[in-house]
Number of protein chains: 2
Amino acid sequence: MGTSLRDVAVLAGVSVKTVSNVVNGYAHVAPATRAKVEEALARLDYRPNLSARNLRQGRTGVIALALPELDAPYFAELSRFVIDAAAEQRWLVVIEQTDGSLERERQILDGVRDHRVDGLIFSPIAIGADELAARTDDTALVLLGERIHDGPADHVAIDNVRAARDVTEHLIGLGRTRVAALGAQDSSVSGTAPLRLAGYREAMTAHGLPETVATVERYHRADGFAAMAALLAGGAGERPDAVFCFNDLLALGAMRAILSSGLRVPEDIALAGLDDIEDGRYSTPTLTTVAPDKSQLAHIAVDLLKRRLDGRAHAPQELRAGYRLMVRESTVRPSP
Amino acid sequence: MGTSLRDVAVLAGVSVKTVSNVVNGYAHVAPATRAKVEEALARLDYRPNLSARNLRQGRTGVIALALPELDAPYFAELSRFVIDAAAEQRWLVVIEQTDGSLERERQILDGVRDHRVDGLIFSPIAIGADELAARTDDTALVLLGERIHDGPADHVAIDNVRAARDVTEHLIGLGRTRVAALGAQDSSVSGTAPLRLAGYREAMTAHGLPETVATVERYHRADGFAAMAALLAGGAGERPDAVFCFNDLLALGAMRAILSSGLRVPEDIALAGLDDIEDGRYSTPTLTTVAPDKSQLAHIAVDLLKRRLDGRAHAPQELRAGYRLMVRESTVRPSP
DNA sequence: CACCCCGTTTACAACGTTGGAACAACGTTG
DNA sequence: CAACGTTGTTCCAACGTTGTAAACGGGGTG
């Protein structure tokens, strides 16, 4: 191993504890002693052994971020913000991927107990509210973008229902009447799909418009492509003239399907997504979407975790982050 | 804290070490004792405290992956593979982002010493070979996609020169003669830009064609957009009829610039990238690119690290992962 | 001058784990 | 039946750190 407090102590001619005091910035250390110790620290290039410190303090300084998949741009972008927000607390972040599998989600929830991490920020898909509530473990847990209300853990998300309604209203406001929703899920116990569907329905009902709902298995471009292709297969009269996709990846897949079928966006079909991933700012046409405040989401999540870890815990909280509607070319072609 | 070996030992009526032996699968434990202990383990739902185990064993079971930015799709996709490959070794992965800043890169290289991680997989941009060589630390280090040859550390990458030459040859093979390279960097000490530029030059020289090189600051869509816009600003006679972008993000930015200027891809300008990020498979047109074998990259990196950690170290190795040229619509429009 | 206070420093124990030595019990062998 | 090997179990120490409490010493107070 490297140099320890003991080595430094020997060199400086003081006790181990005094070195520890200097390292930790304890106030009552005589200037002369401090200087001596600091020189020894520098000479030996001392680094605290964090395993030992963690053992002593019962903290690891590492939190886990569990999400479905890192290569979905939304989660990659979100991870960046979480890592940065955690760094402000001097925490490291380990990333775990669930692939949306129930078993993996259980494993992760369970594995939190092995003391490797102090807390968990979790974006679940498959696991249900009841199972989460049945958790016996008391490790700090924050749920991200999760629909479980009044659940057993802290929770932060945007207002998915309202956001979905806003997008749908925007599409309706363009004068479109055959507005489809793309991204409902048959199996989804949890997740945001039902919320976004609810928001879509509210808007359609409010305007007395008929609903068209396309379901998907997952939230990848390929699913959006396939679902859109199916919608287009209907006759021209039934074909939607606007589509709200439940996330941007679906929208980009759908866009590809529309364009390669020879139709135009937005002239024939207006298209909107949700997430504001960077891809959508560079697609042709650029993609109208809802931009959740990802930085705020990350900061709130880290903050909630911190409160729990500091013991300043209350009843589980449910907090909201903000969002903005970003209108781009896929719904409104700019006049040249 | 949770339950410890001591608690289990008390309940089972044996010594702490015996419980430890059972937990670690030590051979010589009497069946009766083993059963007793296992029941106690189960009853108390024992989890080893990994901080303590780590302290004892001098290992943390955590490796770091340091890369420029997680929200660049290439790195997000790569991270996924690294995390999965590390999981096969039962390692966790913490992710650190450098933003390509020299200072951050130094910090990370330095911070490896604080015993929080057993090893580091590092994709450097700013830091130079000399500085890496001057590293005094002996923590396991693997460089990823890095141009430092015969350097001080293990290293894995694709053959960037050959890959770049292959793409350029492909563009030339289409009959294009004004083939530009987009993505050179003025400041790049390290990184892959010079290699890709070299490959481009080899191909152009071989065919006696004139070179056009556009430089960029960074490797984002916005940089590709701006650089392409600048290339287009030249008169129609000078305008390139094919562009090889040094990564896919640049290419997608460039594509957007070409399309929004009213030109067509590939009819007016053929376009190719490198990385094979998913976006390029769904853009319109889809993007021709080089697909590095990311899974192989990740596995080789993890494997090199494992060898070092197991003490099976040799002289620093330089290994190559494979790649494939993916020809798509941005260079060859399919006949309908 | 005895006392106490306060700033400074130290000794000790403990966090939970595991390697190694020691030890006990038992069966085998000469 | 004594010496020995094998198997199973325990005891002890150590990894490096920090909290607690106690010791030390110098200056001010009564």
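Proteins come first, then strands; the chains are lettered A, B, ... in the order of their sequence lines, and each starts at number 1.
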>> Using whole Å, what does the distance between atom P of nucleotide C/dC15 and atom CZ of B/Arg6 come to?
In response: 6 Å
>> Any salt bridge linking A/Asp45 with A/Arg47? Criterion: basic side-chain nitrogen under 4.0 Å from a carboxylate oxygen.
In response: yes
> Is there any salt bridge (Lys or Arg N to Asp or Glu O under 4.0 Å) pair reaching into residues 64-74 of chain B, and which pairs are they, with sequence neighbours excluded?
Replying inline: A/Arg80-B/Glu69, A/Arg80-B/Asp71
> Where the side chain of B/Ser15 is concerned, which of C/dT18, D/dT18, D/dT10 is the nearest nucleotide?
Replying inline: D/dT10
> Starting at the 5' end of DNA chain D and moving along, which residue's nearest nucleotide shows up first, B/Tyr26 or B/Ala52?
Replying inline: B/Tyr26
> Is a side-chain N or O of B/Asp293 found less than 3.5 angstrom from the main chain of B/Gly322, in a donor-acceptor match?
Replying inline: no
>> Does B/Val16 reach a base, just sugar-phosphate, or nothing at all? Heavy atoms under 4.0 Å.
In response: base
> For the base of C/dT17, is there a side-chain donor-acceptor partner from B/Arg53 under 3.5 Å away?
Replying inline: no
> Does B/Ser20 put a side-chain nitrogen or oxygen below 4.0 Å from OP1 or OP2 of C/dT18?
Replying inline: yes
> With a non-hydrogen cut-off below 4.0 angstrom, is A/Val14 in contact with a base, only sugar-phosphate, or nothing?
Replying inline: sugar-phosphate
> Counting only side-chain N and O atoms of B/Thr33, is one of them less than 4.0 Å from OP1 or OP2 of D/dG8?
Replying inline: no
> So, do B/Leu132 and B/Leu109 sit near enough that their side-chain heavy atoms are less than 4.5 Å apart?
Replying inline: yes
> Rounded to the nearest Å, what distance is computed from the CG atom of residue A/Asn24 to the P atom of nucleotide D/dT20?
Replying inline: 14 Å
>> Tell me the interatomic distance from B/His28, atom NE2, to C/dT18, atom P, rounded to whole angstroms.
In response: 18 Å
> Over how many whole Å does the gap from B/Asn49 atom CG to C/dT17 atom C1' extend?
Replying inline: 8 Å
> Given the rule in the side chain to side chain contact (heavy atoms under 4.5 Å, CB included) test, do A/Val156 and A/Arg320 qualify, once you have shown the distances and angles that lead to the verdict?
Replying inline: CA-CA 6 Å; A/Val156 53; A/Arg320 296 226 170 283; over 6 Å; no
> D/dG16 P sits how many Å from A/Asp7 CG, rounded?
Replying inline: 8 Å
> Stepwise, does the side chain to side chain contact (heavy atoms under 4.5 Å, CB included) test hold for A/Ser79 with A/Ile95?
Replying inline: CA-CA 8 Å; A/Ser79 299; A/Ile95 294 190; 4.1 Å; yes
> Using the C1' atoms of five pairs at each end, what's the angle between the two axes of the helix from C/dC1-D/dG30 to C/dG30-D/dC1, to 10 degrees?
Replying inline: 70°
> Does a nitrogen or oxygen in the side chain of B/Thr18 sit under 4.0 Å from OP1 or OP2 of D/dT9?
Replying inline: no
> Any idea which of C/dT9, C/dG19, D/dG19 is nearest the B/Gln57 side chain?
Replying inline: C/dG19
>> Between A/Arg104 and A/Asp99, does any side-chain N to carboxylate O distance fall below 4.0 Å?
In response: no
> To the nearest angstrom, how far is A/Lys17 atom NZ from D/dG19 atom C1'?
Replying inline: 6 Å
> Please give, in whole Å, the distance from C/dT17 P to A/Asn54 CG?
Replying inline: 15 Å
> Considering only side-chain heavy atoms of B/Leu55, which listed nucleotide, D/dC15, D/dT18, C/dT17, is closest?
Replying inline: D/dC15
> Would you say B/Glu105's side chain and B/Pro124's backbone share a donor-acceptor pair under 3.5 angstrom?
Replying inline: no
> Nearest to the side chain of A/Asn21, which nucleotide is it out of C/dT17, D/dT10, C/dT10?
Replying inline: C/dT10
> Quick one: A/Leu5 CG to D/dA14 C1', roughly how many Å, whole number?
Replying inline: 16 Å
